[in-house]
Number of protein chains: 2
Amino acid sequence: MTQGRPMRADARRNYERLLKAAAGAFAEHGENASLDDIAKRAGVGSGTLYRHFPTRQALLEAAYVDRIEAFGVRADELAGERPPGEALAEWLYELAVGSLQVRGMRALLGSAVTEHGGAAALTACGTVVHGAVTRLVKAAQAEGTLRGDVEPIDVLRLTHGVTTAAELAGAGEREIRRYLRLLTEGLRAG
Amino acid sequence: MTQGRPMRADARRNYERLLKAAAGAFAEHGENASLDDIAKRAGVGSGTLYRHFPTRQALLEAAYVDRIEAFGVRADELAGERPPGEALAEWLYELAVGSLQVRGMRALLGSAVTEHGGAAALTACGTVVHGAVTRLVKAAQAEGTLRGDVEPIDVLRLTHGVTTAAELAGAGEREIRRYLRLLTEGLRAG
DNA sequence: TCGCGAACCGGGGACCCTCTCCGCATGGTA
DNA sequence: TACCATGCGGAGAGGGTCCCCGGTTCGCGA
C-alpha cells in the first residue's frame with residue numbers, strides 16, 4: 001500500500017494527531033462529527049485532513065482500526081475456549097454491543113459488509129472482520145450447529161441488521177441479546 | 001387535527017404542489033433530497049415549505065402517506081385470503097420490498113418503529129403500520145405458527161433490520177426473500 | 001554543513017444545505 | 001368594494017464539506 005516513501009516526519013506527526021482528534025470527536029458527537037472541527041482540534045488546517053483522509057469513511061476507519069483489530073483477536077480467543085457455535089454467538093453479541101456503544105462504529109461495520117457494485121472493494125477493517133467471522137462460521141458449520149446454507153457475510157449483515165433493530169428499540173444490551181436469540185432460533189413457533 | 005379553520009385556497013394549493021414535488025424528489029434523490037430544491041420545483045419559497053412541514057420527517061411522511069395506507073389495506077386483504085402465518089410472511093415481504101424500491105421509505109418505516117424516549121410519539125404512518133402488523137401477528141400466534149414471546153413491534157423492527165441487511169448486500173428481491181426466510185427459520189441448524 | 005527540490009501545510013473561498021424573519025401580496029368576509 | 005388576518009417569498013445567517021494554491025519545511029545528496 002503506502003510504500004513509495006516513508007512519509008515525511010511532519011506528515012506523520014499530523015497524521016497521528018488527526019487520528020487522536022478524530023477518535024475523540026467521533027466518540028463525542030457520533031459519526032457525523034464536523035471534520036473541520038476535528039482538524040481544528042488536531043491543530044492542522046482542513047486541507048491537511050482531507051489530504052490524509054479523502055473521505056469521512058477513511059477517517060472513521062483509520063480512527064477505529066485498533067478496535068476492529070481487537071475484534072479479530074477476540075474471535076480467535078473465543079474459538080479457543082468455547083465450542084464453535086457458542087464462540088460465534090458470543091462474538092456476534094460483543095460485536096453488536098460494540099457497534100452500539102462506540103458511536104460511529106455501527107456505520108463503519110455497515111460499510112464494511114456492503115457490496116460495492118460487485119467489485120470486492122473491501123476496506124481494511126472489512127478484511128479483518130470478514131476474516132474473523134469466516135473462521136467462526138466455518139467452524140460452527142463443521143460442528144453442525146449452524147445451518148450450512150449461509151455465507152459468513154450473510155451472518156455479518158444480519159447481525160448488523162439486528163443491531164439496527166435493537167437501536168430502534170432504544171436498545172440496551174438486553175434487547176440486543178434478545179434479538180440475536182430470535183435471529184438464531186427463528187421466529188417460527190416450535 | 002387540522003380543524004381550526006379550513007386552510008386558505010392558496011395555502012392548500014401550495015401544500016399540494018409541495019407534496020407532488022417532494023414525492024418526485026425523494027424518488028429521484030433518496031431521502032436526503034434537497035428541501036430547497038423541492039420548494040423550487042413546487043414554485044414556492046423555502047419559507048412556505050418549512051411552514052407546512054417543519055421537519056424533513058414530516059414532509060417524508062406526508063409524501064408517502066398514501067403508500068403507507070395501502071400497506072394497511074393490503075394486510076387485511078392478505079389476512080382474508082391466506083392462513084395467518086403465510087399472510088404475515090407475505091406482508092412483511094411486500095413491506096421490505098417496498099422499503100427498498102421506494103427510496104426514502106425505509107427511513108420512514110425506521111422512524112415509525114423507533115422508541116422516542118419512552119413516549120409513544122407514534123407518527124401517523126407508525127399508527128397504520130403498527131396496527132396492521134399487530135393484527136397479523138396476533139392471528140399467527142393464535143394459529144400457533146409464530147412464537148408467542150415476540151411483540152408485533154419486534155417483528156417490525158427485525159424486518160426493518162433484515163431489509164437493511166439486504167440493502168447492504170446490494171439487494172434484489174431474491175436477497176430479501178432469503179434473509180426473511182433465515183429470520184423465520186433461524187440460523188441454527190436442524 | 002549547506003542548498004535545493006519535492007512534499008506538505010494552512011486557511012480562505014466556493015458551494016450547498018437548513019431554517020428564520022419580516023415586508024408584502026392576497027383571499028375571504030362584511 | 002374595502003378591510004385585515006393570513007400566508008407568501010426570498011434574502012440572509014449559520015454551519016458544513018471539500019478544493020486550491022502560495023508559502024513553508026523537510027531531508028537528501030554533496
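Note on naming: letters A, B, ... go to the chains in the order of the sequence lines (proteins, then strands), and numbering restarts at 1 for each one.
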Q) Are B:E90 and B:R177 within salt-bridge range, i.e. N to O under 4.0 Å? A) yes

Q. For C:dG10, does OP1 or OP2 lie under 4.0 Å from any side-chain N or O of A:S46?
A. no

(Q) Below the 4.0 Å mark, does C:dG28 have OP1 or OP2 next to a side-chain nitrogen or oxygen of B:R8? (A) no

**Q.** Residue-phosphate contact under 4.0 Å: A:H52 side-chain N/O, C:dC9 OP1/OP2
**A.** yes

Q: Could you state the atom-to-atom distance from CG of A:L18 to P of C:dC8 in whole Å?
A: 14 Å

Q) Starting at CG of B:N32 and ending at C1' of C:dC16, how long is that distance when rounded to a whole Å? A) 13 Å

(Q) Can you tell whether the side chains of A:E167 and A:R106 come within less than 4.0 Å, N to carboxylate O? (A) yes

Q. Do we get A:R103 above A:F26's six-membered ring, with its NZ or CZ under 6.0 Å from the centre and within 45° of the axis?
A. no

Q.
Looking at D:dC18, I'd like to know if its phosphate oxygens (OP1 or OP2) sit under 4.0 Å from a side-chain N or O belonging to A:Y50.
A. yes

Q: Using atom CD of B:E31 as one end and atom P of C:dT18 as the other, report the distance to the nearest whole Å.
A: 12 Å

Q | Atom pair distance, as rounded to whole Å: CG in B:L60 and P in C:dT18 | A | 13 Å

Q | Atom-pair distance (CZ on A:R56; P on D:dC19), nearest Å | A | 14 Å

Q: Mind calculating the distance between CE (B:M7) and P (C:dG28) to the nearest angstrom?
A: 12 Å

Q. Rounded to whole angstrom units, what separation is found between the CG atom of A:D10 and the C1' atom of D:dT24?
A. 10 Å

Q) With no hydrogens and no angle check, is any side-chain donor or acceptor of A:R56 less than 3.5 Å from a backbone partner on A:E31? A) yes

Q. To the nearest angstrom, how far is A:K40 atom NZ from C:dG10 atom C1'?
A. 12 Å

Q | Residue mapping more 5' on DNA chain D - nearest nucleotide basis, B:D36 or A:T48 | A | B:D36

Q) Within the structure, does a side-chain N or O atom of A:N14 lie under 4.0 Å from either OP1 or OP2 of C:dC8? A) no

Q: Go through the steps for A:T55 and A:Q57 under the test side chain to side chain donor-acceptor pair (under 3.5 Å), then give the verdict.
A: CA-CA 5 Å; A:T55 67; A:Q57 271 305 314; over 6 Å; no

Q: Could you pick out which residue, A:R51 or B:S34, lies toward the 5' side of DNA chain C when each is mapped onto its nearest nucleotide?
A: A:R51

